[in-house]
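Chain naming here is simple, since letters A, B, ... match the order of the sequence lines and numbering starts at 1 in each.
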Amino acid sequence: KAGVTQTPRYLIKTRGQQVTLSCSPISGHRSVSWYQQTPGQGLQFLFEYFSETQRNKGNFPGRFSGRQFSNSRSEMNVSTLELGDSALYLCASSLGPQGGREFFGPGTRLTVL
Amino acid sequence: DQQVKQNSPSLSVQEGRISILNCDYTNSMFDYFLWYKKYPAEGPTFLISISSIKDKNEDGRFTVFLNKSAKHLSLHIVPSQPGDSAVYFCAASAPGEYGNKLVFGAGTILRVKS
């Protein structure tokens, strides 16, 4: 089985711009979660989608949004980028929304200048 | 408010010795705990997990211990190998009607010296 894929792997944007990141889960996985990783902060939960519905949301401002398509692929959007949004954005998929083991993609490294 | 804490940013161990990584949590609703390992430029990979109904789970060289009364878990790696050098994240989840999310610690960098 192919693993979780994320595109693009690297991205450079400037303040005020918006960005869309994409995630394709493992085949058969219907739950997709997004995390932000910054140095010293570990992984911070952004949101989780299951069957095209957002089922859980972390403590991030409304500039961070996401969606999930019928094929379970997910996108994450960040509008009005700030310097502090520079981070590694990780997508993880699992079979269902019951928590437990998630499989992570390699991440998208976003740099905001 | 960090619900999962890994108080040691880094740990250095000699090859062949035991590595002990620690994790503390504050939320008594957590009922499932996981350890992930992360190499640079890769996503975290699942290592081992433990349910709150157990106090120990073993998988090869990796053992996780859970002390619910102390809200503490630890990962033991015996014997440590240079390939174990990575960032280790402790994570926890609580059951929820609207799905679950993993709460991660900040990570511990493990360096195994040969």
Side-chain angles (χ1 to χ4, degrees), chain A residues 2-7 9-10 21 23-26 29-60 66 68 87-109, chain B residues 1-10 21-27 29-54 57 59 64 86-109:
Chain A
V4 179
T5 57
Q6 292 187 245
T7 56
R9 292 293 311 276
Y10 301 92
L21 313 181
C23 171
S24 292
I26 291 172
H29 285 192
R30 295 171 62 194
S31 174
V32 173
S33 299
W34 288 89
Y35 293 84
Q36 180 196 65
Q37 185 191 3
T38 52
Q41 293 294 318
L43 282 71
Q44 304 290 316
F45 173 80
L46 280 154
F47 25 66
E48 176 195 6
Y49 286 87
F50 178 76
S51 293
E52 302 178 65
T53 302
Q54 187 181 87
R55 295 181 64 90
N56 215 333
K57 191 176 189 305
N59 297 323
F60 278 81
Q68 186 180 34
L88 180 68
Y89 290 88
L90 291 158
C91 166
S93 75
S94 61
L95 284 169
Q98 298 307 310
R101 184 174 176 178
E102 291 189 297
F103 294 81
F104 284 83
T108 294
R109 171 71 64 185
Chain B
D1 175 26
Q2 277 194 303
Q3 297 185 65
V4 177
K5 297 180 184 179
Q6 293 177 257
N7 293 318
S8 297
S10 65
L21 296 97
N22 294 302
C23 178
D24 297 295
Y25 61 96
T26 57
N27 189 343
M29 295 300 291
F30 287 147
D31 66 347
Y32 191 64
F33 304 88
L34 309 89
W35 285 94
Y36 281 83
K37 180 168 73 171
K38 186 179 185 299
Y39 293 118
E42 295 182 13
T45 55
F46 171 79
L47 199 55
I48 192 169
S49 64
I50 188 167
S51 163
S52 60
I53 63 173
K54 293 186 173 183
N57 189 25
D59 184 1
V64 56
V87 180
Y88 288 78
F89 292 99
C90 167
S93 72
E97 181 181 353
Y98 300 109
N100 290 275
K101 66 180 184 181
L102 289 179
V103 180
F104 282 84
T108 297
I109 301 170

**Q** What are the two closest non-hydrogen atoms of Arg30(A) and Ser51(A), and how far apart are they?
**A**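 What the structure gives for the nearest pair is NH2-OG, 2.6 Å.
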**Q** Step through the shown structure and confirm whether more than 12 heavy atoms of other residues, nucleotides or ligands are within 6.0 Å of NZ on Lys5(B).
**A**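 For Lys5(B), atom NZ is not crowded (no more than 12 foreign heavy atoms under 6.0 Å).
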**Q** Which region of Gln37(A), side chain (C-beta onward) or backbone (N, CA, C, O), has a non-hydrogen atom less than 4.5 Å from a non-hydrogen atom of chain B, or is it both or neither?
**A**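 Interface part for Gln37(A): side chain.
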**Q** Roughly how far apart are His29(A) NE2 and Glu102(A) CD, rounded to 0.5 Å?
**A**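 If we round to the nearest 0.5 Å, His29(A):NE2 and Glu102(A):CD are 10.0 Å apart.
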**Q** Quick check on Arg9(A) against chain B: is it the side chain, the backbone, both or neither that has a heavy atom closer than 4.5 Å?
**A**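 Contact with chain B is through the side chain of Arg9(A) alone.
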**Q** Is it the side chain or the backbone of Leu90(A) that comes within 4.5 Å of chain B heavy atoms, both, or neither?
**A**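 Only the side chain of Leu90(A) comes within 4.5 Å of chain B.
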**Q** Report the C-alpha separation of Leu21(B) and Ser8(B) in whole Å, then their side-chain angles, then the decisive distance to 0.1 Å, and conclude whether the side chain to side chain contact (heavy atoms under 4.5 Å, CB included) test is met.
**A** CA-CA 8 Å; Leu21(B) 296 97; Ser8(B) 297; over 6 Å; no
